[in-house]
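No experiment lies behind these values; they were computed from the predicted model shown. Chain letters run A, B, ... following the sequence lines, proteins first and then strands; every chain starts at 1.
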Amino acid sequence: MVNLNAVPPKNGRDYYIAIGLEGSANKLGVGIIKHPLLNKHDDGDYSHDCQVEILSNIRDTYVTPPGEGFLPRDTARHHRNWCVRLIKKALEEAKIIHPTLDIDVICFTKGPGMGAPLHSVVIAARTCSLLWNVPLVGVNHCVGHIEMGREITKAKNPVVLYVSGGNTQVIAYSEKRYRIFGETLDIAIGNCLDRFARTLKIPNEPSPGYNIEQLAKQCSNKENLVELPYTVKGMDLSMSGILAYIDSLAKDLFKENKKNKILFDKESGEQKVTVEDLCYSLQENLFAMLVEITERAMAHVNSDQVLIVGGVGCNVRLQEMMAQMCIDRSNSKVHATDSRFCIDNGVMIAQAGLLQYRMNDVVKDLSETVVTQKFRTDEVFVDWRE
Amino acid sequence: MSEQLVAQISEYLTPNVPIQLVSQGAEAVVFTTNVHPYLPKESYSGVEDAKFIIKYRPSKSYRHPSIDKSLTKRRTLGEARLLGKLHQIEGLHVPHLIACDAYNGCLWLEFLGENLPNGMGFSNLKNFLWMYAKGGNDPYDPIVLETLYKVGQEIGLLHWNDYCHGDLTSSNIILVREKPGSDTWVPHLIDFGLGSISNMVEDKGVDLYVLERAILSTHSSYAEKYNECLMNGFSSVYENNGKLGQKKLKEVINRFQEVRLRGRKRSMIG
Amino acid sequence: MTVFKFPQFQRYEISVSLFHNVSNTSDVKLKIAELPYALVDATMVCSIEQLYSAIYRAIVESTYNRLRTKTLHSECLLCLAPSSNIGEAFKRFGIKDESKEIIVIKIKDTEDDQDNDPEFPDIIKGDQVSFDDETLQATKNEELIRKVRIQTL
């Protein structure tokens with residue numbers, strides 16, 4: 001049995017307060033949360049039910065012009081420009097006047113992610129820690145998503161599908177580790193969608209993936225799917241080939257290359273396929289692959305719950321497909337959070353970080369606060385679960 | 001869900017082919033039947049208890065119908081072709097392919113194995129090892145060690161010919177008696193749904209790793225000796241192929257050890 | 001003559017006969033196109049399983065996909081062959097002028113009302129023998145069968 005109350009809150013309070021700083025990609029998030037001190041956490045397995053209160057959840061996204069992706073150096077600059085503002089705003093919203101007294105721990109994203117942006121944020125974290133004399137905890141970005149998902153949906157032990165711009169993994173908990181059952185062999189699904197959005201030159205506001213989803217909804221030719229490679233390999237999947245192929249289709253479409261029989265009618269040269277059709281086909285294909293590997297993992301570990309986390313988890317079509325698979329598997333359930341928590345945010349880092357803190361997993365020396373671009377989900381020792 | 005599935009396939013098979021559910025995986029459902037798809041009854045009903053396996057890939061409603069149809073067809077056909085090729089390999093034992101209807105995701109296969117005595121379950125490697133681990137039996141009985149050696153040889157043959165199983169657990173290795181009543185078992189590899197043609201050391205290393213872990217997790221006390229016998233059988237196949245065999249064996253074993261260390265998954269990029 | 005139906009396909013009644021010492025092969029060969037049967041060179045068949053599995057496949061293709069040849073009967077010949085080259089299949093597995101051992105297959109669609117087709121012995125002049133593995137093994141041309149099968153591996 002796990003004791004989550006081993007480390008008491010500061011200053012004799014009966015609740016914990018944590019601030020989380022997230023900036024592994026183009027979203028800079030600051031979140032402040034409160035965990036009440038509960039008796040049941042003395043002895044049990046309740047890390048999915050902390051009765052968290054979200055005191056503030058501020059986020060600013062670095063959005064680039066259509067057709068462009070975000071580069072590390074510019075993203076880091078964005079984070080540097082915004083973090084003080086966001087932290088101040090978060091403190092204000094949470095009504096925290098004396099951080100030294102009121103905050104138990106500062107949580108930051110240790111990795112994985114883009115180097116320069118991660119670095120900018122950790123510098124802010126270290127500075128706050130020294131300023132306020134508050135301990136630090138380094139959090140794995142993926143674990144942040146998982147813990148936030150569990151807490152919001154109260155799913156105790158689901159198979160987790162983590163899908164974002166930088167990650168695509170199917171995870172199941174086993175013996176103190178979040179084991180990776182299946183993952184992408186090359187690029188992440190969000191990355192695939194984002195890069196296709198760039199090819200199509202659609203706006204990046206609010207996010208490229210969201211705009212692809214809207215275009216897909218407008219497809220008027222849903223019966224005739226454009227055939228794309230389907231590349232599931234056992235429990236893993238590969239997407240770079242699909243991206244290369246659909247990019248070439250899009251380019252042919254723009255160039256009006258009549259020789260392409262898939263896009264243009266052989267005789268009349270009339271256009272058969274639209275941009276909406278391509279978006280629709282891409283989603284149907286990629287999501288079917290994701291649902292398949294998730295189902296395989298569920299069968300393997302005998303689970304009846306799925307939790308979808310990560311930015312791509314906001315996609316309604318993906319949630320629909322997963323739900324359908326769960327219905328067919330009888331009694332299985334899909335859990336998903338909304339865009340406040342699906343998309344990278346500071347609150348999830350605070351949530352996972354606070355759980356780590358409560359298990360006494362604190363940074364003892366500043367040298368431990370080095371960030372890392374590669375940080376596998378299964379490297380984390382999950383001592384807050386049974 | 002099972003009722004729906006069974007209804008689906010019963011309609012396709014017609015009431016003339018009675019079926020019994022054996023197992024249900026993520027991708028396929030397995031049944032047994034005592035009716036052959038195309039041989040006249042006289043040709044096989046003489047054999048007592050004639051049984052055949054039907055492996056059915058049901059359609060999945062969550063995916064677009066055109067993806068579903070083409071995927072089912074591709075996977076069924078792929079598995080059938082693989083089994084056909086593997087059948088040609090001298091010394092390798094896989095189920096005989098009876099019929100294939102890729103348009104409906106249906107494969108008819110030879111039924112292998114039997115029920116082990118004393119209610120120990122079906123004669124797959126997992127139950128077989130359990131049987132010898134139970135009271136009165138010697139887990140290191142020469143029959144066990146010899147059988148494991150033969151299992152290693154099967155895998156060695158598979159890999160030497162550049163094929164990979166993809167899901168090599170101890171439930172996917174079926175033991176068939178050499179002759180009725182004999183205590184000599186011939187291991188057969190089944191379920192090539194995730195199998196492929198592959199000359200990549202990585203895939204072979206993963207195959208070996210998955211089996212090693214399967215044996216470790218279910219028979220941890222004797223796993224060391226068991227895995228040793230397995231690897232001896234495996235190595236013997238490569239060693240019989242001269243210098244090239246030795247070289248390739250070393251590559252596979254090295255990769256196997258690497259896979260062991262990192263737990264099968266490659267390093268992630270953030 | 002063996003007559004039966006595949007359990008899954010009650011619509012088709014399948015009749016198979018094996019003839020030895022056929023004397024009018026060349027005549028039969030001339031009429032092949034009009035005959036509603038499949039005529040197979042028995043020396044290329046080594047088991048009843050081989051033949052029936054080809055008929056099964058032909059019916060599956062016809063029911064759930066499409067025929068690659070003109071009729072269900074010609075499709076059986078194609079399904080006997082390891083490759084999808086129709087000319088090759090007919091040449092290898094169809095009857096040759098010198099063929100003395102012939103298998104006749106008739107697949108009758110029970111949804112068709114009429115059946116004025118001539119009986120096998122009226123067409124083929126030879127000794128009707130039992131269609132079973134033993135008889136087939138006696139006349140099979142193992143070398144040629146192996147040669148043809150290995151071509152596609």
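Residue K91(C) places its NZ atom among 12 or fewer non-hydrogen atoms of other residues, nucleotides or ligands, all under 6.0 Å distant. The environment of E114(B) atom CD is dense: over 12 non-hydrogen atoms of other residues, nucleotides or ligands sit within 6.0 angstrom. In K247(B), the NZ atom is not crowded: 12 or fewer heavy atoms of neighbouring residues, nucleotides or ligands sit closer than 6.0 Å. Heavy atoms from other residues, nucleotides or ligands lying under 6.0 Å from NZ of K108(C) number more than 12. By the 6.0 Å contact criterion, NZ on K73(B) is open, its count of non-hydrogen atoms from other residues, nucleotides or ligands being 12 or less. Summarising the local packing, CZ of R81(B) is surrounded by 12 or fewer heavy atoms from other residues, nucleotides or ligands at distances under 6.0 Å.
Y103(B) has its ring centre no less than 6.0 Å from the ring centre of Y64(C).
Taking the side chain as every heavy atom from C-beta outward, Q8(C) and Y38(B) never approach each other to under 4.5 Å. Within the 4.5 Å cutoff, side-chain heavy atoms of Y56(C) are placed close to those of W108(B). Side-chain atoms of T14(B) and Q10(C), non-hydrogen and from C-beta on, never get closer than 4.5 Å to each other.
Both the backbone and the side chain of Y52(C) have a heavy atom closer than 4.5 Å to some heavy atom of chain B.
Note that the CD1 atom of I59(C) and the CG atom of D101(B) stand 12.0 Å from one another [nearest 0.5 Å]. In this structure, the separation between CD1 on I48(C) and CD on E42(B) is 8.5 Å, given to the nearest 0.5 Å. Atom OG of S43(B) sits about 9.0 Å away from atom CG of D132(C), to the nearest 0.5 Å.
For the residue pair E49(C) and H96(B), a side-chain donor N or O sits within less than 3.5 Å of a side-chain acceptor on the partner.
If you tally non-hydrogen atom pairs under 4.5 Å between each of I14(C), V60(C), T2(C), N65(C) and chain B, the highest count goes to N65(C).
Considering every non-hydrogen atom in both N16(B) and P7(C), the closest pair reads ND2-O, 2.8 Å.
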